[in-house]
Each structure stands twice: as structure tokens, then as C-alpha cells.
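So you know, we letter chains A, B, ... as the sequences are listed, proteins then strands, and number each from 1.
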Amino acid sequence: MRLRDRVDLTSLVAGAAISVFGVLILLQEEGTIDLEAGWFFAVLAAATGLVLLASGVGARRG
Amino acid sequence: MSADTTLRRDPGNAMVAGVCAGIARRLGVDPVVPRVGFVVVAIGTSGIGILAYLALWAVMPVETREREPRRRRRGSWRIATGVGLLALSVLLVFRQLGVWWSDALVWPLVLAAFGVALLVSLTRPAPEDAVEPATEEARRRRRSREAAGRLSLAGFGIALVLGAGLLFLWARGVLDAAGDVALAALVVIAGLGLILAPLWWRFARSLAAERAQRIRSQERAELSAHLHDSVLQTLALVQRRADDPADVAQLARRQERELRAWLAGAPPLQPDERVADALRAAAIDVEETRGTPIEVVVVGDCALDERLEALVAAAREALTNAAKFAADGPIRLYAEVEKDRVTAFVDDRGEGFDPERVPADRRGVRESIIGRMERQGGHAEVRSHPDRGTEVELTLPRTR
């Protein structure tokens with residue numbers, strides 16, 4: 001069985017998105033970056049969009 | 001052999017160069033989804049999206065394969081929403097970077113672009129289902145559901161465009177002066193609504209009651225006419241042929257079948273066009289010729305073609321054999337039409353036989369069932385044991 005058959009694409013993308021959020025919030029708390037609301041919503045929209053895209057593509061693969 | 005996954009332009013469905021049509025084809029979504037994404041990004045980024053389009057035009061090869069008919073596919077809405085959110089994210093990034101006209105212009109344009117995209121997508125014919133509903137009632141329900149869905153989407157698209165216009169006017173301060181007039185009109189309309197509501201409610205209820213009464217009368221008249229034309233006529237025939245039990249049983253069976261079809265709201269059979277109807281017609285034919293009742297269950301349906309005609313003929317042969325050798329026991333035909341194949345089972349509880357001992361000159365099973373299915377790229381399997389009945393399984397892929 002190939003690796004791509006065993007990996008759930010939606011879970012993978014959602015996990016990556018949550019990790020990115022975690023890192024951003026950590027850096028914000030540390031004062032390394034200043035995450036403005038505009039950037040926050042841009043990242044949120046991109047993460048949600050990627051998860052939905054992965055979920056749709058995953059549904060097609062069955 | 002692995003499928004070709006190269007992203008290609010689709011000039012056959014292009015509005016400019018087929019870049020968006022190619023992306024849509026690759027993602028399996030309506031072309032309007034990537035188109036609106038490009039438009040939104042081009043608007044929000046003061047034209048950088050156009051450069052991206054030109055770059056893709058230059059690097060994407062042209063699609064040469066023939067276009068398949070649009071089919072309803074799983075996940076389309078999730079993919080479309082995902083593309084929309086990614087476009088929104090790109091806009092927000094460019095806004096943060098300062099590559100931006102103004103909120104008062106871009107957001108109304110974005111809303112209007114989504115609304116127009118939704119309305120344009122509704123002008124195309126609805127995608128087809130891979131498996132069509134089996135009954136006319138189910139097809140009618142699906143059509144009605146689709147019409148309601150398209151109406152809702154059209155309403156949403158119109159609301160988006162109107163909302164974009166209002167947002168633009170509000171951002172420009174044009175609505176401030178009209179606000180008082182609109183508020184006064186709203187109060188008058190609300191007052192009139194409160195006054196007229198009880199009258200309207202009573203009128204609507206009386207109309208609904210009258211309509212229900214009319215429908216009940218029509219249904220009763222239809223039921224009486226149907227009972228007279230079918231059941232009463234059959235009962236008269238049964239009385240006349242009471243001395244022939246086989247004839248009476250056949251009459252009763254035919255009437256039962258007709259009554260069941262009528263109660264289920266099934267349309268007249270189309271054995272030359274639909275595979276489910278062709279199988280049912282074959283079972284009825286064998287049943288009337290041999291006088292043995294056959295139970296038929298068909299799940300799903302599709303158009304009948306030359307290959308499926310072979311499957312129907314093989315099923316008919318299996319039914320005929322079952323009726324010959326299991327005249328007393330129940331005979332069942334179960335068929336399932338799936339997206340990629342059609343499967344039929346003919347099952348009886350007759351005397352059965354040993355398939356290894358069938359003489360070579362008996363060609364019914366070998367040629368009319370197994371050979372016929374194999375010539376069409378399908379497969380037939382006969383499972384039988386003496387005294388334990390016979391099961392014939394027929395499988396035919398929808399495409400070779």
C-alpha cells in the first residue's frame with residue numbers, strides 16, 4: 001500500500017494548519033512578531049480554505 | 001498505467017485562454033470558481049493577478065483530450081468554498097502589504113464578483129448523476145430538489161450583487177440622505193402588514209382547505225376509475241375461468257404486479273431504453289411463458305446499450321432455466337446498477353445440478369450465459385449443488 005493511500009489528506013492539512021497557528025501565537029506571545037488582525041484573518045482564511053480544498057479532493061479520491 | 005496529472009489549458013471551454021477552464025477541469029469544479037478567484041485577486045492586487053494569469057498561459061500546455069460530459073462529483077462545494085477562501089486570503093495579504101485600492105471599492109467588487117459568478121454558474125445545465133434514480137417518482141423528487149436549490153442559489157447571487165451595490169453606496173455616504181425616507185417607508189409597510197396579516201392568514205387557510213378538498217375528490221375519482229378498469233375486470237375474468245387454476249393464478253399474478261406498480265407510482269416500462277425496465281420485462285415474459293412467479297428487485301438504473309442488452313439476455317436465459325428446473329420454488333432476480341458496473345443475480349431453490357457434469361452439447365449455460373457475458377467484457381458464475389438450488393451471478397463493467 002502506497003503512503004498516499006494511508007494518509008488522510010484532510011487530517012494532514014488540518015494538522016499542519018493548526019501547527020502553523022500554534023507557532024504564530026507562540027511567536028506573538030514571545031513578542032517576536034506583532035500579529036495584526038489583518039494578518040490573522042488572512043492566515044485563518046488560507047488555513048480554512050486549504051482544509052476545505054483537501055477535504056473536497058479527499059472525498060473525490062474516496 | 002498512472003493517470004496524466006499535468007495541469008493543461010482548456011481552449012475548448014475558454015473565456016480568454018482556457019487557463020481557468022483547465023484548472024477547473026483538473027480540480028473537477030465549475031470553471032466559474034477559478035475564474036472568480038482570478039478576478040477577485042486581480043481586482044484586489046491592482047492587476048498582479050493578471051500577470052499571474054499571463055504566466056500560467058505561457059507555461060501550461062494545451063489540453064487535447066476530448067471533453068467528457070459534466071458529472072456531479074463529490075466534494076465540489078468544499079473545493080469551491082476552499083478556492084474562495086484562498087482568494088480571500090490572498091486579498092487580505094495584499095491589503096496588509098498596502099497593494100490595495102480602497103475598502104470602499106474592493107469589497108463591493110468582490111461581493112459582486114461572487115454574486116455574478118453564482119448567477120453565471122446557474123445558466124449552465126445541471127451536472128448529471130453517475131447513477132440515475134430508478135423510479136419516475138424519485139426522478140421527479142430530484143428535479144424538484146434541484147429546482148429549489150437553483151432558486152435559492154439564484155436568490156443568494158442576486159442578494160450578493162444588490163448587497164455589493166448597497167455597500168458601495170453606503171461607503172460613499174450616498175445612503176445617508178435616503179436613510180430617513182427608507183425608515184419611513186419601512187414603518188408604513190410594517191403597519192400595513194400588521195393590519196392585513198389576520199385577513200391574509202384567513203384567506204390563505206381557506207385557499208389551502210379548498211385545494212386539499214379538490215385534490216381528495218380527484219384522487220377518489222381516479223382510484224374508482226382505476227379499480228373499475230383493472231381489479232374489477234380481472235375479478236370478472238377469474239370468475240369466468242374458475243375451472244383453470246393455472247390461468248387464474250396467472251391472471252392474479254398479472255393483476256398483483258400491475259396493482260403494485262400503480263401503488264408505487266411507477267411509470268410504464270421502457271424495456272428498450274432502461275436497463276431496469278428491460279430486466280423487469282424479461283422476468284415478466286418468462287413468468288407468463290412458464291407460469292412460475294419471479295420476484296424482481298432492481299436497485300438503480302441507467303440507459304440500455306448493446307452490452308447491457310447482452311446482460312439482460314443472459315439474465316433471461318438464467319430465468320428460463322430456473323423456471324424449467326425450479327417450477328415450484330421461488331425464483332428471484334436481484335440486480336444492482338452501480339457507477340462502474342451492473343450486477344445481476346438469478347437465484348432459485350430448485351433441484352440444482354453439478355456444473356461439471358453438464359454435457360458438452362448443452363450450450364444454454366455455456367454460450368447463452370457465460371460466453372455472452374465474456375464477449376462483452378463481463379463475467380458469469382454459476383453456483384449450483386444438487387438439491388440446494390442454483391445461483392447465477394452476472395457482472396458487467398459499465399465501460400470496457
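- The line from CZ of A:Phe41 to CZ of B:Arg95 is 11.0 Å long, rounded to the nearest 0.5 Å.
- When atom types are taken as modelled, the side chain of B:Ser89 and the backbone of A:Ala42 share a donor-acceptor pair closer than 3.5 angstrom.
- Across every non-hydrogen atom of B:Arg78 and A:Ser55, the tightest pair is NH1-OG, 2.7 Å.
- Pairing each heavy atom of A:Ala45 with each of B:Leu88, the nearest pair is CB-CD2, 4.3 Å.
- More than 12 heavy atoms of other residues, nucleotides or ligands sit less than 6.0 Å from atom OH of B:Tyr334.
- By the 4.5 Å heavy-atom criterion applied to side chains, B:Trp77 and A:Leu52 are not counted as neighbours.
- The neighbour count for A:Phe21 CZ, taken as heavy atoms of other residues, nucleotides or ligands under 6.0 Å away, is above 12.
- The candidate from B:Leu85, B:Val83, B:Leu92, B:Val90 with the greatest count of non-hydrogen atom pairs under 4.5 Å with chain A is B:Leu85.
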